[in-house]
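Encoded as structure tokens, the structure appears first; notes follow it.
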Amino acid sequence: MGLLEKNFNPKEVEDKWYNYWEKNNLFTAKTDSNKPPFSIVIPPPNVTGSLHMGHALNVTIQDILTRWKIMSGFNVLWVPGTDHAGIATQNVVEKELSKQGLDRHKIGRQAFIEKVWEWKAEYGGRIIHQLKKLGCACDWSRERFTLDEGLSRAVREVFVRLFEEGLLYRDNRLINWCPRCHTALSDLEVEYEEIEGKLYFIKYPLTSNTGKNEENLINIATTRPETMLGDTAVAVHPEDPRYSHLIGKTVELPLTNRKIKIISESSVDPSFGTGALKVTPAHDFNDEIIGRLHKIPFISVITEDGRMSGDAGDRYKGLDRYECRKKIIANLKEEGLLAGEQRHLHAVGHCYRCKTIIEPILSVQWYVKIESLALEAVRLVREGNIRLIPNAWDNNYYSWMKDIKDWCISRQIWWGHQIPVWYCPDCSGNGGGLQGNVIEHIFYEPLRVNNNTISGGTYSHLRKAGLKHEDIIKNSKIIRIPKEVKPLSQRQDIEECPNCKSKDIIRDPDVLDTWFSSALWPFSTLGWPENTKELKTFYPTSVLVTGFDILFFWVARMIMMGSKFMQREPFKDVYIHALVRDLDGHKMSKSKGNVIDPLVMIERYGTDAFRFSLAAFAAQGRDVRFSEKKVEGYRHFINKIWNASKFILNYREFRSDKSSINEYAEQLDLPSMWILNRLAMTAQGINKELSEYRFNDAASKIYHFIWHEFCDWYIEIVKPVLYKGDDEAKKVIVNCLFFILDNILRMLHPFMPFITEEIWNSIYADKTSIMTSAYPSEFPFYTDAEELMSFFIDAVSGIRHIRGELNINPSLEIIAGIKTLSQKAEIVLRENISAIMKLTKCREINIGEDIARSEDSAVTIKNNMEIYVPLGGLLDIKSEMARLIKDKRKTESELSFVSKKLSNEDFLKNAPTDIIEKEREKFNILAEKSQKTSESIKILKTIKG
RNA sequence: AGGCGCGUAGCUCAGUGGGAGAGCGCUUCCUUGACGCGGAAGAGGCCAGGGGUUCAAUCCCCCUCGCGCCUACCA
């Protein structure tokens with residue numbers, strides 16, 4: 001390593017050092033260390049994804065913590081990994097297939113899953129590569145994937161145990177269904193969005209009378225007319241005077257020949273719509289509740305494809321739900337049963353992955369009984385085992401956990417952990433098989449068998465038609481197993497029914513919600529269910545760093561699963577950082593086109609500048625509005641560090657071998673003691689801020705120390721010694737400079753890993769990484785230096801102030817005087833007189849109690865010091881004033897002439913535009929000049945006074 | 001509707017029960033031997049508005065206005 005290059009070139013050093021750290025195992029945690037453990041598990045990014053700003057902020061924070069703790073003497077493990085992201089990944093691959101005119105059903109489950117794995121092999125490394133670009137000190141030897149073998153074992157173990165404990169069940173109830181993704185979604189996976197729809201008013205004729213006049217109709221409002229085909233009641237409020245007398249009577253459901261009852265239901269809001277509610281228990285969550293309460297029939301009229309079912313009637317069967325809506329409206333109009341329509345704003349649920357409008361449909365799904373788990377999860381936070389930071393999230397957390405519903409965990413997709421449950425169609429024994437003729441309800445929709453398209457039917461129907469068991473299973477598009485069929489949950493795959501030994505068993509085709517495996521992440525990545533050393537050493541993890549958007553999706557569920565299966569909280573702290581938004585405060589999204597790519601920032605400004613910006617942005621409790629300007633600013637900071645280091649390294653020959661200043665302690669001058677005290681304060685401050693997750697404060701402290709204290713003051717002060725001092729004096733200063741620089745690099749390393757390593761290696765030839773050095777924490781304070789140095793600094797600023805205000809040419813050496821009554825101040829000033837003179841370009845400074853000052857001196861008072869600069873010879877105030885006043889008069893008269901011209905309408909109308917433009921410019925220039933001369937006169941006046 | 005947060009310099013934002021801050025931008029000056037991605041000196045703010053608590057409020061409490069987010073509902 002030699003002296004530093006002229007400019008810092010991030011691209012040249014970043015990969016070099018990252019490879020070096022990796023090769024030397026500096027990120028690798030030990031399981032046999034006697035250092036205290038510190039561990040973080042990364043929120044696993046989607047394996048098919050690429051790095052966005054949110055990730056960048058998220059992992060930068062984790063990396064700062066990781067490197068800080070490594071250097072602070074901890075045995076640190078940061079577990080990296082990726083998430084299989086069920087629906088999202090499946091959608092990506094399905095899109096690829098559709099480009100080739102294929103879909104997953106055409107190629108079959110096995111082939112499709114192989115395709116996804118191929119996709120993963122090709123693109124799954126991208127996000128990992130990007131994490132490395134950011135400098136993440138992850139332990140790559142422990143990288144995990146939510147679908148890898150070990151994690152799959154953990155998932156299965158958890159599922160089977162929950163099953164055995166009765167915390168899992170299947171139920172046929174209304175769920176959020178995405179007709180495009182063709183799967184159930186949990187409540188959290190539905191996004192509500194305000195949409196302008198229509199409210200239709202439909203007339204339902206009463207059947208008790210024969211005529212169809214107005215009194216014999218009930219007007220009903222709906223936004224989804226197509227669901228009326230599944231209506232099984234009309235509900236009214238029991239005390240609604242308009243309708244209460246009709247309770248118990250029946251109406252004829254238009255467009256069908258069904259008759260339905262009018263029921264009394266207090267949850268109906270008489271003030272909405274017409275006050276009468278059509279009840280569609282199979283397609284609306286509220287209606288489902290009413291339906292169960294009143295034990296009215298459930299009629300499913302919309303299928304999983306989003307089309308109308310056979311129960312919708314022959315007229316509508318097979319129509320798309322929105323086609324059907326149009327047709328229904330048309331038909332109602334024809335029959336004179338449409339009373340009207342109006343525009344209506346309402347929130348409609350959309351699939352969070354593909355934005356398709358979800359459809360509530362009846363379906364058999366797996367659920368986790370959540371109540372007992374949630375209670376425990378609340379307790380862990382309430383009793384302080386887990387801290388949410390900032391704790392403003394506590395209330396959100398509690399209220400969500402209080403109203404939490406059972407978690408629907410089955411998804412009708414193929415990419416994910418297939419549910420480890422089998423059903424036996426042949427078995428009539430106890431404990432696992434079918435009872436009676438339930439088998440008739442297992443419904444299949446085979447697509448093709450031996451290249452013949454076969455229509456669907458029940459299992460036994462197809463068997464009778466001569467199909468083989470495995471062909472049915474392999475080729476079916478939809479397999480629905482009624483909830484009456486007993487499931488058999490197994491730790492190992494089975495080939496035959498344990499009860500009747502039949503080989504014709506069916507595995508549950510569904511896979512688990514992707515968040516199910518994520519929920520186990522803190523312990524599954526450490527080797528659970530094996531009792532590994534990693535688990536023993538690193539569980540519970542120290543801190544989880546995450547955005548609030550997945551607080552409930554993920555964090556809450558990790559807490560539940562961690563406490564259930566590890567009997568302990570999965571992490572002690574949860575640091576919840578902000579969302580990265582664009583400059584206008586909008587969420588960054590591809591569709592809005594306001595996305596800033598972290599890799600572009602890295603390309604333009606270097607990783608260190610980008611990381612430091614993120615840290616500086618990360619104030620608690622507020623969203624980040626990302627601005628490129630700020631990154632640019634911190635690139636300047638990097639340049640500053642680089643140049644200061646370069647400067648100091650020029651004097652390396654005067655550095656003693658030890659990087660300690662102890663041997664010079666006796667010879668330190670005031671500025672050196674002062675800067676050492678500031679270093680001590682900064683180091684102490686940064687450790688405190690980091691331990692409280694105040695990254696922005698830590699960043700600004702170190703920024704201020706390096707730039708405005710070390711560079712602006714200390715280096716400037718010691719320059720004369722370096723240029724002209726004797727070797728002995730140089731030695732003291734140079735060792736102090738190196739000592740500070742050494743500590744600056746170490747303090748800065750967690751924020752800026754690359755540049756610090758580069759400079760570090762230019763200082764020290766022994767090729768040890770800065771990562772193996774200790775993080776600065778405790779230093780001796782030179783508290784007295786603060787007060788003494790303030791005289792120095794204020795004297796310099798005072799003289800500079802006068803020079804600046806009076807515009808005294810910087811090349812001009814002046815005389816100044818400082819009058820002070822403080823003996824301390826006087827001593828400080830006298831001892832540092834040459835440095836002060838150098839910094840203020842004075843050829844003489846008189847110090848003392850009784851300094852005479854001439855009449856024309858400019859004066860300023862700071863820190864009980866009267867600082868003055870005699871102006872004799874520098875400025876002739878009288879003639880200067882006269883000149884300025886003359887100047888002012890002239891300017892003002894010109895100005896008034898021009899402004900008259902510019903307010904003359906004839907001139908404005910008739911003159912060529914370029915002439916007018918010129919006059920305007922002239923006006924601006926004159927106005928500015930006038931302003932300036934006025935100000936100068938003002939300053940001169942104050943000096944005289 | 002309920003809850004949470006925000007409103008501080010032209011812009012983006014820190015911050016604190018007692019003196020109003022940073023970065024960028026702006027003005028003036030400076031080719032001083034680390035750095036013009038620099039240095040020095042400045043201008044600019046009833047800390048959203050109103051009320052209260054206090055010796056003292058930008059900060060604590062209440063209300064109003066404006067903005068954002070979350071949760072729930074919407075036939």
Side-chain angles (χ1 to χ4, degrees), chain A residues 4 6-8 192 194 197 199-202 220-225 227-228 231 234-235 267-269 272-280 284-287 290 344-348 390 392-393 395-396 399-400 403 548-549 551-552 578-579 581 583 585-587 605 609 613 616-617 619-630 632-651 694 696-697 699-700 703-704 707-708 711-712 715-716 719 722-723 796-797 799-811 838-841 928 931-932 935-936:
Chain A
L4 301 174
K6 180 149 192 344
N7 289 307
F8 177 58
Y192 287 87
E194 283 272 304
L199 194 57
Y200 299 94
F201 294 90
I202 304 170
I220 288 179
T222 178
T223 53
R224 295 188 298 155
T227 63
M228 69 176 286
D231 284 3
V234 168
S267 64
V268 173
D269 176 4
F272 188 91
T274 61
L277 169 70
K278 63 190 264 313
V279 183
T280 324
D284 184 283
F285 289 102
N286 289 316
D287 295 3
I290 296 174
H344 180 64
L345 259 186
H346 60 152
V348 176
W393 288 101
N395 286 336
N396 271 317
S399 72
W400 189 75
D403 297 332
F548 64 82
D549 48 334
L551 195 55
F552 303 129
L579 228 57
R581 298 174 180 278
L583 257 180
H586 297 123
K587 247 185 192 173
Y605 304 103
S613 312
F617 272 125
Q620 281 185 12
R622 202 202 279 236
D623 283 351
V624 171
R625 290 196 192 191
F626 190 85
S627 89
E628 195 169 336
K629 273 273 177 192
K630 209 154 191 169
E632 202 182 326
Y634 288 120
R635 185 185 58 186
H636 297 173
F637 178 44
I638 293 216
N639 189 253
K640 189 79 180 173
I641 296 164
W642 184 257
N643 281 297
S645 307
K646 221 167 63 182
F647 176 70
I648 294 167
L649 277 161
N650 283 332
Y651 299 93
R694 307 180 71 93
N696 59 322
D697 290 328
S700 85
Y703 179 92
H704 188 261
W707 201 315
H708 299 303
C711 291
D712 285 354
I715 290 183
E716 292 305 318
K719 270 179 181 173
L722 297 179
Y723 295 154
V796 171
S797 325
I799 298 171
R800 280 176 174 172
H801 175 77
I802 293 171
R803 293 192 74 125
E805 284 296 285
L806 294 177
N807 254 338
I808 295 170
N809 191 320
S811 59
K838 188 86 186 160
L839 292 173
T840 54
K841 278 251 168 187
E928 208 175 305
Q931 177 95 21
K932 273 186 207 165
E935 277 172 16
S936 302

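Atoms considered below: every heavy atom in the structure, side chains included; atoms not considered: hydrogens, waters and symmetry mates. Each chain gets a letter, A, B and so on, in the order its sequence line appears, and its residues count up from 1.
None of A/Tyr605, A/Trp642, A/Phe637 except one satisfies the ring pair (Phe, Tyr, Trp, His ring centres under 6.0 Å) rule with A/Phe8; the exception is A/Trp642.
A/Thr223 comes within 4.0 angstrom of sugar-phosphate atoms only, judged by non-hydrogen atoms across all strands, and of no base. No engagement by A/Val279 is indicated, since no non-hydrogen atom pair under 4.0 Å with the nucleic acid exists. Heavy atoms of A/Leu199 sit under 4.0 angstrom from primed sugar atoms or phosphate atoms, though from no base atom. Using a 4.0 Å heavy-atom criterion, one finds that A/Asp712 contacts the sugar-phosphate atoms exclusively.
Remark: the separation of the C1' atoms in B/rA14 and B/rC73 is 39 Å, to the nearest Å. Separation of the C1' atoms belonging to B/rG50 and B/rA57 is 14 Å when rounded to the nearest angstrom. Comparing the P positions of B/rC37 and B/rC11 gives an interatomic distance of 27 Å, to the nearest angstrom. Between B/rA22 and B/rC61, the two P atoms lie 28 Å apart (nearest whole Å). B/rU8 and B/rG49 have their P atoms separated by 10 Å, with the value rounded to a whole Å. If you take atom P in B/rG33 and the same atom in B/rA48, they sit 46 Å apart, rounded to whole Å. Comparing the P positions of B/rA40 and B/rC24 gives an interatomic distance of 12 Å, to the nearest angstrom. Comparing the C1' positions of B/rG10 and B/rC26 gives a spacing of 8 Å, expressed to the nearest Å.
Remark: B/rA48 base-pairs with B/rU64. Criterion, Watson-Crick or G-U wobble with two distances under 3.5 Å. The partner of B/rA56, taking Watson-Crick or G-U wobble pairs whose two distances both stay under 3.5 Å, does not exist in any strand shown. Here B/rC24 sits opposite B/rG10 as a Watson-Crick or G-U wobble pair (both hydrogen-bonding atom distances under 3.5 Å). When Watson-Crick and G-U wobble pairs are counted only if both distances are under 3.5 Å, B/rG2 pairs with B/rC70. Of all nucleotides present, none satisfies the Watson-Crick or G-U wobble test against B/rG36 with each distance under 3.5 Å.
Proximity note for A/Lys640 (side chain, C-beta onward) versus B/rG33, B/rC37, B/rC35: the nearest is B/rC35. Of the candidates B/rA14, B/rA40, B/rC37, B/rA40 carries the atom nearest the A/Arg800 side chain, counting heavy atoms from C-beta on. Side chain of A/Lys719, nearest nucleotide from B/rC24, B/rA34, B/rA14: B/rA34.
Two residues, A/Lys629 and A/Gly804, neighbour RNA chain B, and the one matched to the more 5' nucleotide by heavy-atom proximity is A/Lys629. Residue order along RNA chain B, read from the 5' end via each residue's closest nucleotide, puts A/Ala644 first among A/Ile220 and A/Ala644.
When the side-chain nitrogen and oxygen atoms of A/Trp393 are compared with OP1 and OP2 of B/rU71, none of them lie within a distance under 4.0 Å. Dashed line: the shortest gap from a side-chain N or O of A/His636 to OP1 or OP2 of B/rC35 is not under 4.0 Å. In this structure, A/Tyr723 reaches the B/rA34 phosphate: one of its side-chain N or O atoms is under 4.0 Å from OP1 or OP2. Distances shorter than 4.0 Å separate some side-chain N or O of A/Arg694 from OP1 or OP2 on B/rG15. Checking the phosphate oxygens (OP1, OP2) of B/rG23, a side-chain nitrogen or oxygen of A/His708 falls inside 4.0 Å.
Summarising the geometry, atom CD1 belonging to A/Ile638 is positioned 11.0 Å from atom NE2 belonging to A/His636; distances are rounded to the nearest 0.5 Å. Note that the OG1 atom of A/Thr227 and the CG atom of A/Asp287 stand 7.5 Å from one another [nearest 0.5 Å]. Atom CG of residue A/Asp231 and atom OG1 of residue A/Thr280 lie 4.0 Å apart, to the nearest 0.5 angstrom.
Contact record, A/Tyr200 with A/Pro225: CD1-CG, 3.4 Å, taken as the closest heavy-atom pair.
Classified by interplanar angle (parallel below 30°, tilted 30° to 60°, perpendicular above 60°), the ring pair A/Trp393/A/Phe548 is parallel. Ring planes of A/Trp707 and A/Tyr703: tilted class, angle from 30 to 60°.
Contact annotation: side chain of A/Glu716 to base of B/rA34, donor-acceptor pair present below 3.5 Å. Contact of A/Lys630 with B/rC24 (side chain to base): no donor-acceptor pair of N or O atoms is detected under 3.5 Å.
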